[in-house]
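Below is one structure, written out as structure tokens; comments come after it.
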Amino acid sequence: MSDRPAPFQHPYDRAYEQMLAKVRYDGAYPTREKAEEAVRLVLPRLGRQLTSDERVELAARLPFEAARILTAQIPDTQPLTGWAFVKDLAARTGASQATTRWDTGSVFSAVAACAGPDLITRILRRLPSGYALLFGRAELTPAA
């Protein structure tokens, strides 16, 4: 029996660590902890906006820890537009709207990479306007 402590074991799986690395890279965060902070702020709010089968499918495609964060809260009865989502999150966190928009885009980029384009398209069809830009896509409106 050794008196040395066991090496620190990180509780997250490799897929979640890779997701955090993508958020960190896309958001140019100085540390992994800052990237994880963005994920823990943005994902639960996204989860509150999703009320359909897409919420379940998205959770199934995310790493376990990210899925747990996404589904930690019950969905809102009144979904927010993309801009209202950013404003609400900024107000809740005390961050500027510009910083919150940046955090949201960085996290949504990683979510989109996990989910794939088809699921993100279905999600965007269900959400109010303004989310496509947050996912790095053009906001297209049908011709009249």
Atom pair [atom1] ([X]) and [atom2] ([Y]), whose distance is rounded to the nearest 0.5 Å:
| X | Y | atom1 | atom2 | answer |
| --- | --- | --- | --- | --- |
| L134 | S106 | CG | OG | 11.0 Å |
| I120 | L58 | CD1 | CG | 6.0 Å |
| L46 | L62 | CG | CG | 8.5 Å |
| T93 | E37 | OG1 | CD | 9.0 Å |
| T71 | R55 | OG1 | CZ | 6.0 Å |
| T104 | L133 | OG1 | CG | 12.5 Å |

Those residues that, when tested against A21, pass side chain to side chain contact (heavy atoms under 4.5 Å, CB included) (two or more places apart): none

Residue list, side chain to side chain contact (heavy atoms under 4.5 Å, CB included) with S96, at least two apart or on another chain: A98, T99

Sequence neighbours excluded, every pair satisfying ring pair (Phe, Tyr, Trp, His ring centres under 6.0 Å) that has a member inside residues 19-46: none

Within residues 39-69 or reaching into it, pairs that qualify as ring pair (Phe, Tyr, Trp, His ring centres under 6.0 Å) - sequence neighbours excluded: none

Compare all side-chain heavy atoms of [X] with those of [Y] and state whether any distance is below 4.5 angstrom.
| X | Y | value |
| --- | --- | --- |
| V111 | L43 | yes |
| R125 | E54 | no |
| C114 | Q18 | no |
| L50 | L127 | yes |

Transitive ILVMFWY side-chain link L41 to L20, under 4.5 Å: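 They do not share one cluster, since no chain of ILVMFWY contacts under 4.5 Å joins L41 to L20.
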
Enclosure of R126 CZ (heavy-atom neighbours >12, cutoff 6.0 Å):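 Counting other residues, nucleotides and ligands, CZ of R126 stays at 12 neighbours or fewer.
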
Taking all atoms of both residues into account, what is the closest heavy-atom pair of [X] and [Y], and its distance?
| X | Y | answer |
| --- | --- | --- |
| W102 | G27 | NE1-O, 2.8 Å |
| Q49 | P79 | OE1-CA, 3.3 Å |
| A66 | M19 | CB-SD, 3.6 Å |
| A113 | K22 | CB-CE, 3.6 Å |
| Q73 | P44 | NE2-CB, 4.0 Å |

Ionic contact status for E33 with R40, cut-off 4.0 Å: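 So R40 does not pair with E33 through a salt bridge.
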
N-O pairing of E65 and R68 below 4.0 Å: yes

Under 3.5 Å donor-acceptor, T121 side chain and P117 backbone: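 Side chain of T121 to backbone of P117, a donor-acceptor pair under 3.5 Å: yes, one is there.
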
Donor-acceptor contact present, side-chain R137 to main-chain A132, <3.5 Å: no

Partners meeting ring pair (Phe, Tyr, Trp, His ring centres under 6.0 Å) with F85 (sequence neighbours left out):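 In terms of ring pair (Phe, Tyr, Trp, His ring centres under 6.0 Å), with neighbours along the sequence ignored, F85 is linked to F108, Y131.
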
Qualifying salt bridge (charged side-chain N to carboxylate O under 4.0 Å, His left out) pairs, either residue in residues 78-106, two or more places apart: R45-D88, D88-R92

